[in-house]
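See below for the structure under consideration.
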Amino acid sequence: MAKAVFPGTFDPPTNGHLDIIDRAAAAFTEVIVAAGVNQSKSRLFDPDERIAMLTELTEPYANVRVGTFEGLLVDYCRAEGAGVIVKGLRSAADYDYELQMAHLNQAMTGVDTMFLPTRPENAFISSSWVKEIARLGGEVASFVPSGVYARLQKKL
Ligand code: PNS
């Protein structure tokens, strides 16, 4: 299949993100892991740090590269010549939220969204909770790749 964009905030990337990257790399000819850099959520890692972590994680995949985008995701997809957005789904709540964005993105430019259900062992992992648990001194080693864990420990 064609070129796909896997967008996210990736603050920080988790095992769930890595699983989606792994499976998208097998399903698509080319995958761009695109970090949004103009979102309003409070950030722990700056864009350069998020790019560094994603670059490390995607290094084993010859058909995956990392990018950043500001503004509308569909504009980025168009600029990159990507016809598909890939999103991971952990739950029905994710689906409800993502479906509206998928419809809007499709209506704006015709770019389609393909959903990959997350593996069950990752279904409860989110970057937001990982950050909160780590900030409060909890153990997050089993929720994030080892390189991300090292950076989290250094930062907090
Ligand atoms: O990892 P996240 O926080 O769930 O990623 C959300 C992201 C960056 C994919 C989403 O907020 C997004 O697409 N933002 C770009 C702005 C945009 O296109 N907004 C209109 C969506 S219909």
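Remember, it's 1-based here, ligands and their atoms both numbered in the order they're listed.
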Under the side-chain contact (heavy atoms from CB on, under 4.5 Å) test, which residues partner E139, sequence neighbours left out?
->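 Once residues adjacent in sequence are excluded, the partners of E139 under the side-chain contact (heavy atoms from CB on, under 4.5 Å) criterion are A141, Y149.
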Apply the test side-chain contact (heavy atoms from CB on, under 4.5 Å) to residues K131 and D11: give CA-CA distance (whole Å), side-chain angles for both, the deciding distance (0.1 Å), then the verdict.
-> CA-CA 8 Å; K131 278 185 286 190; D11 184 44; 2.8 Å; yes
Please list, one pair per line, the donor and acceptor atoms closer than 3.5 Å that link side chains of residues 76-83 to other protein atoms, with sequence neighbours excluded.
unit_1 : atom_1 : unit_2 : atom_2 : d
E80    : OE1    : R65    : NH2    : 2.8

Look at atom 19 (N) of ligand 1 and find which of D11, T9, L72 reaches it with the closest heavy atom.
->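 When every heavy atom of D11, T9, L72 is considered, L72 comes closest to atom 19 (N) of ligand 1.
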Option whose closest heavy atom lies nearest to atom 16 (C) of ligand 1, chosen from P13, A35, G71, C77 =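 Going through P13, A35, G71, C77 one by one, G71 has the nearest heavy atom to atom 16 (C) of ligand 1.
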Close N or O approach (M108, ligand 1; < 3.5 Å) |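 It does not: no N or O of M108 is found under 3.5 Å from an N or O of ligand 1.
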Tell me, please: is G8 in heavy-atom contact with ligand 1, that is, under 4.0 Å?
->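 For ligand 1, residue contact (heavy atoms, under 4.0 Å) with G8 is present.
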Within a reach of under 6.0 Å around OH of Y97, are more than 12 heavy atoms found that belong to other residues, nucleotides or ligands?
->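 No - once you tally the heavy atoms of other residues, nucleotides and ligands closer than 6.0 Å, there are 12 at most.
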Numbering as shown, the atoms of ligand 1 that approach N105 to under 4.0 Å (heavy-atom distance) =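 Those qualifying, in numeric order: 22 (S).
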Given F10 and M53, is the side-chain contact (heavy atoms from CB on, under 4.5 Å) satisfied, shown in steps?
-> CA-CA 9 Å; F10 304 113; M53 288 186 278; over 6 Å; no
